[in-house]
There are 2 protein chains.
Amino acid sequence: MDLRLLESLVVVAEKGTIGEAAKRLGVSQSALSRRLQTLEFDLGVELLVRQGRGVVFTEMGRRAVEEGKILTDRYGRLKEELSRIESRKEGVVRIGGGATAVGYLLPPAIARFSAQHPGLRFEVREAGSREVEQAVVAGELDLGIVTLPLQQPDLNQSPLVRDRIVLVAGSQHPLVRGSSADEASGSGLEIESTELQGLPLVGFEKNSAIRRLIDDALLNAGVTMNVTMELRSISTILRLVESTQSLGFVSALGARQARVLPVADLLIERELALISHRDRCLSPAAQAFAEQLNR
Amino acid sequence: MDLRLLESLVVVAEKGTIGEAAKRLGVSQSALSRRLQTLEFDLGVELLVRQGRGVVFTEMGRRAVEEGKILTDRYGRLKEELSRIESRKEGVVRIGGGATAVGYLLPPAIARFSAQHPGLRFEVREAGSREVEQAVVAGELDLGIVTLPLQQPDLNQSPLVRDRIVLVAGSQHPLVRGSSADEASGSGLEIESTELQGLPLVGFEKNSAIRRLIDDALLNAGVTMNVTMELRSISTILRLVESTQSLGFVSALGARQARVLPVADLLIERELALISHRDRCLSPAAQAFAEQLNR
DNA sequence: TGTAATTGATGAGTGATTTGCATAAGATAA
DNA sequence: TTATCTTATGCAAATCACTCATCAATTACA
């Protein structure tokens, strides 16, 4: 199963004689003659007929030459590809995260990174934080951006951003008092958490990390809200908040353009961290991307 | 460039540890460990990270495994294909011949042979005898069926059939005397060659072997005919002979259903022979086909 | 924390493989 | 026939790959 033997056969086919091919390959004629014998033994068929005047290929020989070209070529390409991957000219970054990370954190980061590394591809997976954790542990993903704290052990983590969860409301919502949309938040229009009691809320899915965070915060504040819909995506929540003139809690990162209602006595925060498998080594591309994210 | 090294890597990927993979491969753990080092050196990149608990693949390693599967698989298939070729279960017969051979000799022979050897394919090339000769010498064809004598040296020849060239005429042609088409030829309706003097003739191309044969025969008989058209295919000549109510000389093999005019003092014969390159060895399939033709 | 177990790497010795050189053997061309 | 070209082969040297035994690193568990 030595490709050098097939390669030798290919060169012999090009040159027509074993002696010439040997020169080209930089080995002695006798060595090449024996290589061909070995190859014929390995493949179990007669590849060429030796005659006084050079060699002549059998049909099997011709076929072996054809395939030999393909195989040696592929081997060479593989070698080149591998060093391109190593030098980060090529490669894949498999990264996963929740709605906020995938929707608002990743796009600009990927855009910036891609500009510097045109050969690198991304595979992005959107899923819940705990699901992403598992995928990283399983080796399906190189990196994950998840809400702390982690459940799984064996993960490297590095804090990325502290993310505030803010209350957003439809533009005609009764709680939206005074002033226009372009007014900065936190400008004295604050409301109290008690005012939220019993109001309808468009929320994230049950069991998602962010949902649990919000539920806990409301519980602590002694407020009960009425979750009327459960969704996965921030943009859908924002649209529904507007169209149903109700309320929602979303990441400040995703709420920038929407109407944010500051709640005086309700601070919901979470920390998003970049995770990777502790043992498994990162691909050069993922390594570089992780470094950029941490900067 | 040893596929066994890549194959080893593939098995390690399947088993997860070098030790397990070594058992599966039937070598010692240390041997396999060194194989992997050799492979990493050959490819110039780190393929896997050794840890206390098994090994973990780098991105390059994963890529190498993917490609390794393909390469080893192809090598295996090649080996199988070669032995199928050797045992004549597969293969190609490249054969060439003139109009008569390709049109009337080869089809039944190929049909019979294909029935016995379903895996074999044919590449048939129609060309002039001398062109076929050259193609056989050049190794483009395995076999040829040509008119003797040969021009090229270095050819094996074995006589196949003695072929008579007969005169055919359109059904309304003045020379067609008496009786209907189903009457056997040579039954007393013979004409003399002198009767052909100056008559229009649909003939083969100038420079073709059969044309020269006919020209020579007419010259010997002291008859000059008027070649009004020059064609390559027997069936076209037969159609034109009928539609223009003129005369033509074609092989008796191809003229069976047409109106044959026996000429008392004109015997044109040629010998068709199967040729192959003297040095170049025949593929098993071509070998078998040649044997059947000679039988 | 310490100890046993698991797993890979390494040094040394050995056998197999590959190579080069010189030469023989086979075929071709003149 | 001889000269020439081409491949095969005997032999010795070098190289390579393997096994065995052991070490080193990590993990699992008490």
Side-chain angles (χ1 to χ4, degrees), chain A residues 1-43 46-58 61 65 137 139 152-156 277-281, chain B residues 1-43 46-58 61 65 137 139 152-156 277-281:
Chain A
M1 286 189 76
D2 192 341
L3 283 189
R4 279 185 326 158
L5 301 183
L6 270 177
E7 190 186 32
S8 300
L9 188 76
V10 171
V11 176
V12 171
E14 282 167 3
K15 294 291 181 182
T17 75
I18 297 182
E20 281 297 300
K23 276 183 208 158
R24 159 77 167 279
L25 288 166
V27 296
S28 71
Q29 172 267 322
S30 71
L32 185 50
S33 171
R34 286 202 164 89
R35 276 193 194 175
L36 296 173
Q37 290 170 25
T38 306
L39 182 61
E40 285 184 319
F41 179 81
D42 287 353
L43 293 175
E46 194 181 31
L47 297 171
L48 26 80
V49 179
R50 287 81 166 166
Q51 286 164 161
R53 205 103 208 132
V55 292
V56 157
F57 282 73
T58 65
V65 168
V137 169
Q152 301 278 340
D154 299 338
L155 286 173
N156 293 320
H277 197 288
R278 187 156 61 87
D279 298 336
R280 216 172 298 277
C281 66
Chain B
M1 285 190 76
D2 193 340
L3 282 189
R4 280 185 326 158
L5 301 185
L6 270 176
E7 193 185 32
S8 301
L9 188 74
V10 171
V11 176
V12 171
E14 282 166 4
K15 294 292 181 183
T17 75
I18 297 183
E20 281 296 301
K23 277 184 209 157
R24 159 77 166 279
L25 288 165
V27 296
S28 70
Q29 172 266 322
S30 68
L32 185 49
S33 171
R34 277 198 246 272
R35 276 193 194 175
L36 297 173
Q37 290 171 27
T38 305
L39 182 61
E40 285 184 318
F41 180 82
D42 287 352
L43 292 175
E46 194 182 31
L47 297 170
L48 26 80
V49 179
R50 285 81 166 167
Q51 287 165 161
R53 203 100 211 136
V55 292
V56 157
F57 282 73
T58 66
V65 168
V137 169
Q152 300 279 341
D154 299 338
L155 288 172
N156 293 320
H277 197 288
R278 187 155 60 85
D279 299 336
R280 217 172 297 277
C281 65

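Values reported hereafter were calculated over all heavy atoms of this structure, with side chains retained and with hydrogens, waters and symmetry mates removed. Within every chain, numbering begins at 1; the chains are lettered A, B, ... in the order of the sequence lines, protein sequences first and strands thereafter.
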From [atom1] of [X] over to [atom2] of [N], roughly how many Å is that when rounded to an integer?
X        : N       : atom1 : atom2 : value
Leu39(A) : dT18(C) : CG    : P     : 12 Å
Leu48(A) : dA8(D)  : CG    : P     : 8 Å
Phe41(A) : dT18(C) : CZ    : P     : 11 Å
Lys15(B) : dG8(C)  : NZ    : P     : 13 Å
Leu32(A) : dA8(D)  : CG    : P     : 9 Å
Leu25(B) : dG8(C)  : CG    : P     : 13 Å
Ile18(B) : dG8(C)  : CD1   : C1'   : 6 Å
Leu47(B) : dA9(C)  : CG    : P     : 12 Å

- prompt: Can you tell me how far CE of Met1(B) sits from CG of Leu5(A), rounded to the nearest 0.5 angstrom?
  reply: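 It is 9.5 Å, given to the nearest 0.5 Å.
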Separation of Arg34(B) CZ from Ser28(B) OG (nearest 0.5 Å):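 With rounding to 0.5 Å, OG (Ser28(B)) is 8.0 Å from CZ (Arg34(B)).
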query: Any Lys/Arg nitrogen of Glu7(A) or Arg4(A) sitting under 4.0 Å from an Asp/Glu carboxylate oxygen of the other?
result: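 Answer for the salt bridge query: no.
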Looking only at the side chain of [X] (C-beta and beyond, no hydrogens), which of the listed nucleotides [options] gets closest?
X        : options                  : result
Arg4(B)  : dT9(D), dG20(C), dC18(D) : dC18(D)
Val27(B) : dT18(C), dT7(D), dT19(D) : dT19(D)
Arg34(A) : dG20(C), dA9(C), dT19(D) : dG20(C)

- prompt: Which pair of non-hydrogen atoms, one from Asn156(A) and one from His277(A), has the smallest distance, and what is that distance?
  reply: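 The answer is ND2-O, 3.4 Å.
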task: Return the 5'-most residue of the pair Arg35(A), Arg50(A) with respect to DNA chain C, ranking by each residue's nearest nucleotide.
output: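 Nearer the 5' end of the strand: Arg35(A).
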task: Spell out, as yes or no, whether a donor-acceptor pair under 3.5 Å connects the side chain of Ser33(B) to the backbone of Gln29(B).
output: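 No.
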message: Using a heavy-atom cut-off of 4.0 Å across all strands, would you classify Ala31(A) as base, sugar-phosphate, or nothing?
response: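 Counting heavy atoms under 4.0 Å across all strands, the contact made by Ala31(A) is with sugar-phosphate only.
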- prompt: Checking only heavy atoms, does the side chain of Ser28(B) share a donor-acceptor pair with the base of dC20(D) at less than 3.5 Å?
  reply: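 Under the 3.5 Å cut-off, the side chain and the base do not form any donor-acceptor pair.
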task: Considering just the side-chain nitrogens and oxygens of Ser33(B), establish if one lies under 4.0 Å of OP1 or OP2 belonging to dA9(C).
output: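 For Ser33(B), the contact criterion (side-chain N or O under 4.0 Å from OP1 or OP2 of dA9(C)) is met.
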- request: Using a cut-off of strictly less than 4.0 Å, decide whether Gln37(B) has a side-chain nitrogen or oxygen near OP1 or OP2 of dT10(C).
  value: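 So the side chain of Gln37(B) is within the cut-off, an N or O lying under 4.0 Å from OP1 or OP2 of dT10(C).
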Most 5' of Asp2(B) and Ser30(A) on DNA chain D, judged by nearest nucleotide: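 It is Ser30(A), whose closest nucleotide lies nearer the 5' terminus.
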